[in-house]
Amino acid sequence: MPKNIIVAGGAGYIGSHFCKLAEAKGYTPITVDRLTSPSSRVEEWRKQAVQWGPLEVADIGDEAAIEAIAQTYKPVAVVCFAALIEVAESVAKPDMYWDNNFNKAVRFFKTLERNGVKHAVFSSTAAVYGNPVEPRPLVEDDMLAPINPYGMTKLATEIALQGTRKNASDTFMAEMKQRSANMDFPKLNSVIFRYFNAAGADDCCTIGEMHEPETHLIANAVLAAQNARDFAKDKKFTLNGTDYPTPDGTCVRDYVHVDDLALAHIQGLEYLLAGGKNEAFNLGTGKGYSVREVINGVKKATGKDFKVNEGPRRAGDPAFLVANADKAERVLGWKPVKNLDAIIQSAATFHGKHG
Ligand SMILES: NC(=O)c1ccc[n+]([C@@H]2O[C@H](COP(=O)([O-])OP(=O)(O)OC[C@H]3O[C@@H](n4cnc5c(N)ncnc54)[C@H](O)[C@@H]3O)[C@@H](O)[C@H]2O)c1
């Protein structure tokens, strides 16, 4: 049986790691990616990142192009990583985020549905939880109250795929209602993955995290240690906020290796193809690390010290964001295996080669 999978955003960071694993597991990943980036370096790199199946350069919102791709490859499922991912940019340009991450995503799934696709795996985020009040690992039924347009667009797409969420805040639901008036939602069977902090790179280190600007902590700290990219010019490494109610005053996050995330997507696909129904899962390790702990880990792994400027809090950063991923283990058999040291080491090797 042909196992063609449409992978939207397959040229990006997490998507490329998924495509590599999918190919190894006997699927043919067909990357659908518009390959546009404000940086020509990232654009060039994205072309390199697509090695495990055909590449179709298209925007997910382009119905004619997506229809033609679906007719050519007759995919059994779709995995959608395609999105704009910068929280601060989403605050500055909310309409752009709602258009790309919600309107286009819904159109994309509808087009695939019309062309016979029945199963979808969708990348969501811990940002759907907003600013949790209690410092404890989050479960899927916790309050969903995103505080920025990025998180809102992800939660709105979750709801478009799976129907209403009883734990979504009234404020969010009011915004979604306004944004989705007269929209027709797809009826696909879906698995939604809420990633906490994706980090690290593939063992071969030909693919890894490549964003510009890079806003993610581990990649940034590694680039600072290696004095690479903008750090070689005048960029300073800034720690955003040292007065949070956490043991050392800095934010606590749950870092999950990108290859562990890729494996969850294979397990999610297999769950759907075996008849599994709509579910949402947290993907994280259940263990939180403070920003200071990560910085020290990067300094140790690279053997390089770098100056850390202590700045004010960044608006919208929760103090503590850690996953309870028991449901993913129980239902899918997913268990992350790579710890923070492995994550940092792989990121350092990747950026040392490509930084
Ligand atoms: N990186 C993280 O830590 C993290 C955490 C939580 C959730 N996520 C989610 O995971 C997914 C992948 O993240 P990433 O870090 O790999 O991002 P990325 O920016 O590296 O990759 C996204 C890819 O999607 C493509 N894309 C965006 N809009 C498109 C469109 N309209 N049509 C076609 N292609 C389009 C981009 O060209 C890019 O190649 C995103 O949906 C993101 O919201 C990421």
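Note that ligands are numbered from 1 as they come in the structure, with each ligand's atoms numbered from 1 the same way.
The shortest heavy-atom contact between Tyr13 and Gly200 is OH-O, 2.7 Å. Nearest heavy-atom pair, Phe196 versus Val322, reported as atom, atom and distance to 0.1 Å: CE2-C, 3.5 Å.
In this structure, atom 34 (N) of ligand 1 lies nearest to the protein heavy atom Arg34 N, 3.2 Å. Taking atom 2 (C) of ligand 1 as the reference point, the nearest protein heavy-atom neighbour is Ala198 CB, 3.6 Å. The protein non-hydrogen atom at the shortest distance from atom 36 (C) of ligand 1 is Asp33 OD1, 3.5 Å. For atom 13 (O) of ligand 1, the closest heavy atom belonging to the protein is Ile14 CD1, 3.8 Å. In terms of protein heavy atoms, atom 15 (O) of ligand 1 is closest to His211 NE2, 3.1 Å.
By the 3.5 Å distance cut-off applied to N or O atoms, Thr125 is not counted among the residues near ligand 1. For Lys104, no nitrogen or oxygen atom sits less than 3.5 Å from a nitrogen or oxygen atom of ligand 1, counting backbone and side chain alike. Where the criterion is an N or O separation shorter than 3.5 Å, residue side chain and backbone included, Phe81 meets it with respect to ligand 1. Residue contacts with ligand 1: Lys154 is placed with a nitrogen or oxygen under 3.5 Å of a nitrogen or oxygen of the ligand (distance criterion only). At a 3.5 angstrom cut-off on N or O pairs, Tyr195 does not count as close to ligand 1.
Listed by atom number, the atoms of ligand 1 under 4.0 Å from His216 heavy atoms are 1 (N), 2 (C), 3 (O). Residue Phe196 approaches ligand 1 through these ligand atoms, each under 4.0 Å from one of its heavy atoms: 5 (C), 6 (C).
The proximity of Asn101 to ligand 1, defined as any non-hydrogen pair under 4.0 Å, does not occur for either the backbone or the side chain. Of the heavy atoms in Ser124, only backbone atoms (N, CA, C, O) come closer than 4.0 Å to ligand 1. Under 4.0 Å from ligand 1, not a single heavy atom of Ala126 appears. Here Ile60 has heavy atoms under 4.0 Å from ligand 1 in both its backbone and its side chain. The side chain of Tyr150, and not its backbone, has at least one atom closer than 4.0 Å to an atom of ligand 1 (non-hydrogen atoms only; side chain from C-beta on).
Distances from atom 27 (C) of ligand 1 to the heavy atoms of Ala83, Cys80, Gly9, Gly10 put Ala83 nearest.
Taking Phe237 as the reference, Phe306 meet the ring-ring contact (aromatic ring centres under 6.0 Å, His included) condition, with sequence neighbours excluded. Among residues two or more places apart in sequence or in another chain, the ring-ring contact (aromatic ring centres under 6.0 Å, His included) test is passed with Trp98 by Phe102.
Remark: Lys235 NZ to Leu223 CG distance equals 7.5 Å, nearest 0.5 Å. If you take CG on Asp317 and CG on Asn148, they are separated by 9.5 Å, rounding to the nearest 0.5 Å.
Remark: Lys93 is not positioned above the aromatic ring of Tyr97, lacking an NZ or CZ atom under 6.0 angstrom from the ring centre and at most 45 degrees off the axis.
Applying the side-chain contact (heavy atoms from CB on, under 4.5 Å) test between Val76 and each of Ile5, Leu269, Asn4 identifies Ile5 as the sole match.
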